[in-house]
Structure formats: C-alpha cells, structure tokens
Amino acid sequence: MEQNIAVLGPAGTFSDSACQKYQQLCTRPLQPVYYPTIDETFHAVGKECVLGIVPVENTLDGYVQRSLDLLLEMDLKIIREISVPVQFSLVANTENVDEIKTLYVQFKSSGQCRRQIDSLSGVKLVITESNMESFYLVQQGKPGEAAIIPQHMLSQSNAKFQIENVTDSSNNVTRFLVIQPGGVLEQSGFNEIKVSLYVMPQIDEPGVLFRILKIFNDHQVNLVSIMSRPTKRNMGTYNFYLELNGIKEQKADVFEALDSLKKQFPVKVLGIY
Ligand SMILES: O=C(O)C(=O)C[C@]1(C(=O)O)C=C[C@@H](O)C=C1
C-alpha cells in the first residue's frame with residue numbers, strides 16, 4: 001500500500017531529492033504529494049499525508065526559521081533526518097549576464113548564492129517559495145528573466161544563457177526532517193540518537209540559559225545547536241530550540257538530562273531519532 005508523503009514542490013525540488021533518498025532508506029512505498037509552500041507541506045501532515053519531509057538547516061544559510069516555528073506550533077514528531085548536497089545554477093532568457101533584468105530565487109537559496117547575486121547590478125530580485133517555482137517561471141521564456149535553479153535541473157532548462165555552479169560553497173548541504181502526526185515519542189533504534197526540543201522558560205532573569213546548559217553539562221550530553229526563537233507574544237521574550245546527540249550507550253544520560261530539564265522548565269520534545 002502506498003502512503004502519501006507531503007513534499008515542497010513541484011517535483012524536482014531539493015525536498016523531492018530528500019524524499020527519494022528517504023524512500024530508499026526506509027524501503028517503504030511512499031507516494032509524494034507536492035505542495036507549493038513549506039506551510040502547506042506541514043499542514044498536509046496528518047490530513048492528506050501520513051508523513052512530511054521539510055527542510056530545517058542549510059550549511060550556508062543556517063536554520064529554516066519557518067520550519068522551526070511550525071514544529072513548535074503544530075503537534076508533529078520528527079522520526080528521521082536526511083541530508084542532501086545542494087548546488088545551484090543560474091539560467092536566463094538573455095544572451096549574456098548583463099541583459100538580466102529580473103532574477104527569481106527561492107527565499108532560502110538566495111543566502112546560498114550570495115556572491116553571484118551580489119555581482120548582478122540593477123537586477124530586480126523576485127523571491128519564490130521553491131526552486132522549482134523559480135525554474136518554471138523562467139521556462140515561460142520572458143526575455144530578460146533569470147532564475148537560480150537546482151543544478152540537477154540544468155539539463156532540462158530551455159533558457160538560452162546558463163552559468164553552472166553559482167553556489168557559494170561546493171560543500172553545501174541541506175538537512176531535512178521527516179515528520180508525522182504527534183503521539184508517543186518512540187526511542188530511536190539507531191546507533192546514534194538525536195533529540196530536537198524546545199525549552200520555553202516563562203521567566204526572564206539572570207542565569208536561565210546557564211541553568212539549561214548546566215543540565216546537559218552535568219549529564220555529559222552533547223548539545224549540537226541552540227537557537228532563540230521569539231515567543232511572538234512580547235518583544236524580547238524567547239523560546240530555545242535545541243538539538244542534542246549521543247551514541248546508543250549514552251541514551252540513559254540523554255533521558256536523565258531531559259527529565260531534569262522538564263522538572264525546571266516547560267519542554268516540548270519534538271523527536272528522538
Ligand atoms: O526549493 C527547494 O528546492 C526546496 O526543497 C527548499 C529548500 C529550503 O527551503 O531550504 C531546500 C534546500 C535548499 O536549501 C533550498 C531550498
């Protein structure tokens with residue numbers, strides 16, 4: 001039986017590549033269903049789709065803030081992470097680079113092709129929701145229009161002018177999360193475990209962050225990253241998004257640290273994967 005997985009589309013996005021990679025790893029028959037925005041992809045999970053795959057972090061441009069916010073707002077759990085290499089090219093309906101008037105670029109991709117974008121002078125940037133949206137806009141063939149597109153789509157572009165490899169680093173990767181409707185958190189069966197969680201301190205006083213970090217230090221648990229996200233209630237108030245990791249043998253320490261944390265602060269564990 002095929003199961004629907006929500007993916008940012010149209011087909012050909014990096015999210016789609018991540019979905020194909022996940023499908024190979026989990027050997028589960030999945031049917032991708034494409035959505036035009038990250039918000040719609042999230043909201044399809046638990047409705048038309050049993051799973052979703054969403055971008056969370058990029059080497060060059062950091063976290064996808066919208067994904068972090070939706071993970072807090074919605075009742076979902078993370079079951080796996082998938083990383084895919086990300087490289088871009090530029091295509092244009094022009095004879096040369098100087099004739100480009102408009103450049104379509106996805107909101108997260110612009111921070112990964114900074115050098116190329118900054119070198120274009122007098123060009124109007126139009127921000128899109130997905131790299132394949134950018135691709136199809138230029139496929140319409142309007143003169144003077146250009147797009148940053150996934151490198152793997154270059155051979156399928158009919159644009160006259162192309163610049164291959166416009167990414168700021170050859171070592172660029174995006175990490176995606178596989179999500180499903182919330183419920184009891186399962187413990188990962190992998191050799192390494194990762195935990196994503198939100199800590200939502202309701203107080204603003206000296207030492208709050210120190211108390212959070214001390215718990216991980218006391219239990220010798222490795223903190224991979226920490227991000228402040230605004231509570232969106234009052235100016236200057238924050239929740240913290242954290243990622244921890246450890247090897248199988250450290251599972252007990254990780255769970256003890258989470259228990260200590262929960263005794264002191266409101267915590268939402270997003271996944272143990
Ligand atoms: O537009 C795409 O191709 C996507 O899959 C989205 C997305 C993202 O939003 O992070 C994924 C990978 C790249 O970092 C750029 C864009």
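Heavy atoms only: backbone and side chains are in, while hydrogens, waters and symmetry mates are out. Here the structure is a predicted model, which is why all the values come from computation and not from measurement. Order of listing sets the numbers, starting from 1, for every ligand and every atom in it.
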- prompt: Taking the non-hydrogen atoms of Ser109, is any one of them nearer than 4.0 angstrom to ligand 1?
  reply: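 Flag set, Ser109 near ligand 1.
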message: I'd like to know whether ligand 1 has Gln112 as a neighbour, heavy-atom separation below 4.0 Å.
response: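 The answer is yes: ligand 1 sits under 4.0 Å from a heavy atom of Gln112.
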Basic-acidic side-chain contact under 4.0 Å: [X], [Y]:
X: Arg114; Y: Asp168; result: no
X: Arg66; Y: Glu129; result: no
X: Glu40; Y: Lys47; result: no
X: Glu81; Y: Lys194; result: yes

message: If you define the side chain from C-beta out and look only at heavy atoms, does anything of Ile149 sit under 4.5 Å from Asn131?
response: no
- request: Compare Arg175, Arg66, Gln106, Glu57 and give the one whose heavy atom is closest to atom 9 (O) of ligand 1.
  value: Gln106
field: Evaluation steps, ring-ring contact (aromatic ring centres under 6.0 Å, His included), between Phe14 and His152
entry: CA-CA 9 Å; Phe14 290 107; His152 60 257; 5.2 Å; yes
Which protein non-hydrogen atom lies closest to [atom], naming both residue and atom, and how far is it?
atom: atom 13 (C) of ligand 1; answer: Thr174 OG1, 3.6 Å
atom: atom 11 (C) of ligand 1; answer: Phe176 CZ, 3.8 Å
atom: atom 5 (O) of ligand 1; answer: Ser15 OG, 2.6 Å
atom: atom 2 (C) of ligand 1; answer: Asn131 ND2, 3.0 Å

By number and element, which atoms of ligand 1 are closer than 4.0 Å to a non-hydrogen atom of [X]?
X: Leu8; result: 1 (O), 4 (C), 6 (C)
X: Ser130; result: 1 (O)
X: Pro55; result: 8 (C), 9 (O), 10 (O)

Using residues 157-164 as the side-chain source, report each donor-acceptor pair under 3.5 Å to any protein atom, sequence neighbours left out, with the distance given to one decimal.
| residue | atom | partner | partner atom | Å |
| --- | --- | --- | --- | --- |
| Ser157 | OG | Ala159 | N | 3.1 |
| Lys160 | NZ | Glu95 | OE2 | 3.2 |

- prompt: Does any N/O atom on Phe14 come nearer than 3.5 Å to any N/O atom on ligand 1?
  reply: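 Yes, Phe14 has an N/O under 3.5 Å of an N/O on ligand 1.
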task: Return each pair, listed once, that meets side chain to side chain donor-acceptor pair (under 3.5 Å) where at least one residue sits in residues 219-230; pairs must be two or more places apart or across chains.
output: Tyr63-Ser225, Gln65-Arg229, Asp69-Arg229, Asn222-Asn245
